[in-house]
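Just so you know, residue 1 is the first one in the sequence shown, and it goes up from there. Since the model is a prediction, treat every value here as computed from it, not as a measurement.
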Amino acid sequence: MAKVKKAVIPAAGLGTRVLPASKVMPKEMLPIVDRPAIQYIVEEAVKSGIEDILIITNRGKGLIEDHFDHAIELEQRLEASGKLDDLDEVRRITDLANITFVRQKETKGLGHAVLCAKSFVGDEPFAVLYGDDVIIGEDPACAQLCRAFEAHGKGVLGIHEVSAEAIGKYSSVKIEPTGDGCFYVSDMIEKPKPDEVMSPYAILGRVVLTPDIFPILEQTAPGAGGEIQLTDAMKMLARTVGMTGVPFTGTRYDMGNKLGILQANCEVALSRPDLGEEFKAYLKELVATF
């Protein structure tokens with residue numbers, strides 16, 4: 001089975017859930033401590049063995065491209081002032097992977113964004129890392145899905161059990177255990193009503209697909225929210241050839257949600273050797289005043 005060497009990161013959403021911060025700044029550039037969210041996603045892909053990354057953007061997302069490009073004047077200033085650690089970090093960002101960009105000229109949904117990657121993908125399997133979802137763990141979530149693809153030879157869904165209240169905001173998948181910690185997925189539904197829920201497991205943030213998805217996407221009509229839903233296209237694969245569900249490990253942060261942004265910043269800061277103890281002491285003092 002071919003290894004997954006390409007990844008697509010859809011980052012063209014308008015970020016309406018985090019306005020007004022996202023009015024000018026792409027939500028993918030909102031920081032978690034001192035790195036923008038999308039850098040965590042790119043680094044996860046690289047740690048998973050991905051070599052080529054396509055980031056789907058749209059108008060007003062130029063800051064994302066700039067972040068992964070050289071900043072010659074900044075690099076020269078850092079070098080001249082002897083800030084070599086900062087210089088190494090800035091240069092490291094530009095060398096993470098072969099990163100290219102394409103614009104989604106109309107925000108027609110996640111399915112349409114993935115369809116924009118058709119030429120980039122060619123005839124290879126590829127991972128999709130949703131631009132809203134930062135997942136942090138010792139074993140990269142994307143790597144867990146890539147291993148399942150190599151083992152089972154089918155498209156892979158990153159899934160997690162969610163509450164009955166939350167399932168209607170995501171999706172629900174029909175599953176059967178495969179005996180190796182994964183699940184066989186035979187059906188799914190986007191944003192189900194209570195009587196449509198197939199299981200408490202939802203697709204969250206990561207999938208691995210083959211080029212078979214593109215002819216399906218080209219024929220997929222707008223679904224929930226009037227957008228072309230990737231879930232609707234994957235449903236056709238699940239119903240015909242089946243897919244694999246992986247309950248990945250790691251902590252997921254919804255960076256399209258204000259609470260998720262706050263949680264990510266607090267938890268990452270607490271885990272940092274250079275910040276954790278001081279930040280913990282500050283939080284204890286702060287909470288005592290409320």
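- In this structure, the side chains of E65 and I55 stay at 4.5 Å or more apart for every pair of heavy atoms.
- Both L230 and V241 are part of a single hydrophobic cluster, where members link through side-chain heavy atoms under 4.5 Å apart.
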Hey, mind stepping through E150 and R147 against salt bridge (charged side-chain N to carboxylate O under 4.0 Å, His left out) and telling me if it holds?
-> CA-CA 5 Å; E150 293 171 19; R147 292 196 298 268; over 6 Å; no

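- Expressed to the nearest 0.5 Å, how far CE of M25 lies from CD1 of I64 amounts to 10.5 Å.
- Between the E28 side chain and the P36 main chain, no donor and acceptor come within less than 3.5 Å of each other.
- One finds a salt bridge joining E79 and R91 here, because a Lys/Arg side-chain nitrogen approaches an Asp/Glu carboxylate oxygen to under 4.0 Å.
- If you check the side chains of H112 and E227, you find no donor sitting under 3.5 Å from an acceptor.
- Taking CD1 from I99 and CG from L54, the interatomic distance works out to 10.5 Å, rounded to the nearest 0.5 Å.
- Checking side-chain atoms of S163 against main-chain N and O of A166 turns up a donor-acceptor pair under 3.5 Å.
- Annotation: cation-pi geometry not satisfied between R206 and F248 (NZ/CZ under 6.0 angstrom from ring centroid, within 45° of ring axis).
- Although no hydrogens or angles enter the test, the distance criterion places a donor-acceptor pair under 3.5 Å between the side chain of T178 and the main chain of C182.
- Environment of CZ in R59: sparse, with no more than 12 heavy atoms of neighbouring residues, nucleotides or ligands closer than 6.0 Å.
- In this structure, E138 does not pair ionically with K47, as no charged nitrogen and carboxylate oxygen lie closer than 4.0 Å.
- Side-chain heavy atoms closer than 4.5 Å link hydrophobic residues (I, L, V, M, F, W, Y) into clusters, and following such links, possibly through other members, connects L63 to Y40.
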List the steps, then state whether side-chain contact (heavy atoms from CB on, under 4.5 Å) holds for M198 with I189.
-> CA-CA 8 Å; M198 299 175 176; I189 184 170; 4.3 Å; yes

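- Looking at heavy atoms from C-beta onward, P10 lies in side-chain contact with V128 at the 4.5 angstrom threshold.
- A side-chain N or O of H67 and one of Q39 form a donor-acceptor pair less than 3.5 Å apart.
- A donor and an acceptor atom, one from each side chain of E267 and Y253, are located under 3.5 Å apart.
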Listing, residues 208-224 side-chain donor-acceptor contacts under 3.5 Å, not counting sequence neighbours, or none:
residue, atom, partner, partner atom, Å
T210, OG1, D212, N, 3.4
T210, OG1, D212, OD2, 3.3
E218, OE2, K118, NZ, 2.9
T220, OG1, I216, O, 2.7

Chi angles and distances behind the side-chain contact (heavy atoms from CB on, under 4.5 Å) call for N98, I53 = CA-CA 6 Å; N98 299 319; I53 297 173; over 6 Å; no

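- Side chains of F183 and I159 form a contact here, defined as non-hydrogen atoms less than 4.5 Å apart.
- The hydrophobic clustering, which links ILVMFWY residues whose side-chain heavy atoms are closer than 4.5 Å, places I38 and I32 together.
- Atom-to-atom distance recorded for D187:CG and K174:NZ is 6.5 Å, nearest 0.5 angstrom.
- One N or O on the side chain of E196 and one on the backbone of K193 form a donor-acceptor pair closer than 3.5 Å.
- In summary, K5 and E124 do not engage in a salt bridge, as defined by a charged side-chain N under 4.0 Å from a carboxylate O.
- Other residues, nucleotides and ligands place no more than 12 heavy atoms under 6.0 Å from the CG atom of D123.
- Of all heavy-atom pairs between I135 and A141, the closest is CG2-CB, 3.8 Å.
- Looking at every heavy atom in both residues, V134 comes nearest to A37 through CG2-O, 3.7 Å.
- Screening V102, T100, I56 for a side chain to side chain contact (heavy atoms under 4.5 Å, CB included) with F120, the sole residue that qualifies is T100.
- Proximity of a side-chain donor or acceptor of S172 to a complementary backbone N or O of V197 within less than 3.5 Å is not detected.
- The heavy-atom pair separating I50 from A7 by the smallest distance is CG2-CB, 3.6 Å.
- Grouping the Ile, Leu, Val, Met, Phe, Trp and Tyr side chains by contacts below 4.5 angstrom, directly or via other members, places L204 apart from I175.
- At least one donor-acceptor pair closer than 3.5 Å links the side chain of R17 to the backbone N or O of G256.
- In D88, the CG atom is crowded: over 12 heavy atoms of neighbouring residues, nucleotides or ligands sit closer than 6.0 Å.
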Test V207 against V156 for side-chain contact (heavy atoms from CB on, under 4.5 Å), laying out the working first.
-> CA-CA 5 Å; V207 300; V156 184; over 6 Å; no

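- A heavy-atom distance below 4.5 Å is found between the side chains of F126 and V114.
- Side-chain atoms of S199 come within 3.5 Å of backbone atoms of V173 as a donor-acceptor pair (strictly under, hydrogens ignored).
- In this structure, H160 has its ring center at least 6.0 angstrom away from the ring center of Y201.
- When all heavy atoms are compared, the tightest approach of A269 to V33 is N-CG2, 3.8 Å.
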Audit row: M188, S171, side-chain contact (heavy atoms from CB on, under 4.5 Å) steps and yes/no = CA-CA 7 Å; M188 66 190 72; S171 58; 5.7 Å; no

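- Pairing each heavy atom of G158 with each of L145, the nearest pair is N-CD2, 3.6 Å.
- Salt-bridge check for K6 with E51: failed, with every basic side-chain N at 4.0 Å or more from each acidic carboxylate O.
- For the pair K154 (side chain) and F149 (backbone), a donor-acceptor distance under 3.5 Å is absent.
- Using a 4.5 Å heavy-atom threshold, the side chains of R239 and K235 count as touching.
- Counting heavy atoms from C-beta outward, Q144 and D139 have side chains that approach closer than 4.5 Å.
- Looking only at side-chain heavy atoms (C-beta outward), H70 and V90 stay at 4.5 Å or farther from each other.
- At least one side-chain heavy atom of L157 sits under 4.5 Å from a side-chain heavy atom of M234.
- For the side-chain contact (heavy atoms from CB on, under 4.5 Å) test, residues two or more places apart in sequence or in another chain that qualify with K83 are L78, S81, D86.
- With hydrogens and angles ignored, the 3.5 Å screen pairs a side-chain donor or acceptor of N265 with a backbone N or O of I261.
- A113 and Q104 get closest at one heavy-atom pair: N-NE2, 3.4 Å.
- Following chains of ILVMFWY side-chain contacts shorter than 4.5 Å, one cannot reach I167 starting from I203, and the two form parts of different hydrophobic clusters.
- Between K27 and D132 there is a salt bridge, since at least one side-chain N of the basic residue sits less than 4.0 Å from a carboxylate O of the acidic one.
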Sequence neighbours left out, cut at 3.5 Å: what donor-acceptor pairs do the side chains of residues 273-287 make with other protein atoms?
residue, atom, partner, partner atom, Å
D274, OD1, R272, NE, 2.9
D274, OD2, R272, NH2, 3.0

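- Side-chain atoms of K61 come within 3.5 Å of backbone N or O of A11 as a donor-acceptor pair.
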